[in-house]
Amino acid sequence: MHRQNHVSRRALLAILGALSIGAGCSRGESEADSAAPKPASGTEPAGKKPKKLSEIVVGFSQTGAESSWRIAHSKSIQEEAEKRGVQLLFADGQNVHNNQVNAVNGFITKGVDVIVIAPQESVGWKPTLKEAKRAGIPVVLTSRGVDAEEDLYATVMVADFVWEGRQAGEWLAKQTNGKARIIELVGTPAADVAVMRKAGFAEAIAKHPDMKVIASQSGDFTRTKGKAVMETLLSAHKGEINAVYAHNDDMALGAIQAIQAAGLKPGQDIVVVSVDAVKPAFEAMMEGKLNATVECNPLHGPLLFDTIEKIARGEAVPKRTVVPGQVFEREQAATVIGSRAY
Ligand code: GYE
């Protein structure tokens, strides 16, 4: 049940003000006090009584619904908002950057209290983030980062995408004894997550002269495009390919369909490794078609709203929160799948 009335931006400034005045009044107080953390949003205060999280309106601009991971990410955030009685304005970007920019500009005009962005693309956000800052509206980034100065957002909540790519590369090196002719299915090229997963993988396989990426193409994190790209590359590189590295499970599952359609055995003739560790990936591992996946936990809801609560109180929050993961192999799938939360 969402509350109808909500605290206006001015009231949120009051919350921040009341607390940052509290923090700020350490001026002239003891050294320890003057070291009190500054409010994460950096907005100036007005000085009224702080209000509860449930009186705050959050504008959330989501990339779209491109993958199982994204659907789980949206569900986690929407369920947590419901649980905490927060009014969440959800804008589905349909995986188009400009849709997201328009939605966030709309949140600024509407005067929401906090803006959350899961950016389809990492570039092209500076003007909008500057507007949000001018309006005194804190911005929280989730699932991907943006190419902008750190003072333009309160915090970013991501995984270590370079580590994920490195884990995939190291696993593949071990699995193939350092001999692989690899197809790489890249995520959305303008997203930092794709750039970093590519970099981590390249770093890992660079140690093995007999591991080569023979083709690298974007499947945009979707199963449909992952399948289409793999079909094209299978016919362009007939008989050459013995491994696939996909930047997410959905593209890997599409590639597996293409490998089967070409009369080959995924997981055997062509080893497949990907990232996310969503439930369909565990099902594919149980069928022997996917060999390994690197976990990237999408359940950001609880941590996101804990963070928003702190920002609303004017408490300091870390500029970056890294959500941990681990590598799951085919052999573990049957024992692990029952406990997977997404
Ligand atoms: O790996 C993919 C989704 O930003 C970490 O985006 C997220 C990625 C995730 O489309 O499935």
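Start at 1 and go down the list; that is how both ligands and their atoms are numbered. Values in this document were obtained by computation on a predicted structure and should not be read as measured data.
- Between R70 and ligand 1, at least one N/O pair is under 3.5 Å apart.
- Annotation: side chain of H247 is not in contact with side chain of F201 (no heavy-atom distance under 4.5 Å).
- Residue D276 has at least one nitrogen or oxygen atom sitting less than 3.5 Å from a nitrogen or oxygen atom of ligand 1, judged on distance alone.
- The closest side-chain heavy-atom distance from H208 to T176 is not below 4.5 Å.
- Ion pairing between a basic and an acidic side chain is recognised when a charged N comes within 4.0 Å of a carboxylate O; R340 and E283 show no such pairing.
- In the candidate list A191, S274, S143, S143 is nearest to atom 5 (C) of ligand 1, counting heavy atoms.
- Rounding to the nearest 0.5 Å gives a distance of 11.0 Å between CG of L234 and CD of E240.
- Protein heavy atom in closest approach to atom 10 (O) of ligand 1: E66 OE2, 2.6 Å.
- Contacts with ligand 1 closer than 4.0 Å are made by no heavy atom of M196, backbone or side chain.
- For atom 4 (O) of ligand 1, the nearest non-hydrogen atom from the set Q120, R144, H73 belongs to R144.
- Under a 4.0 Å N-O distance rule, the pair E203/R166 qualifies as a salt bridge.
- The shortest N or O to N or O distance between R197 and ligand 1 is below 3.5 Å.
- Close contacts of ligand 1 with F221, meaning ligand atoms under 4.0 Å from a residue heavy atom, involve 2 (C), 10 (O).
- Salt-bridge formation is not detected for the pair R320/D160: no Lys NZ or Arg NE/NH1/NH2 atom is positioned less than 4.0 Å from an Asp or Glu carboxylate oxygen.
- Under 4.0 Å from ligand 1, the heavy atoms of S67 that appear belong solely to its side chain.
- P280 has its side chain within reach of L253: a pair of non-hydrogen atoms, C-beta onward, lies under 4.5 Å apart.
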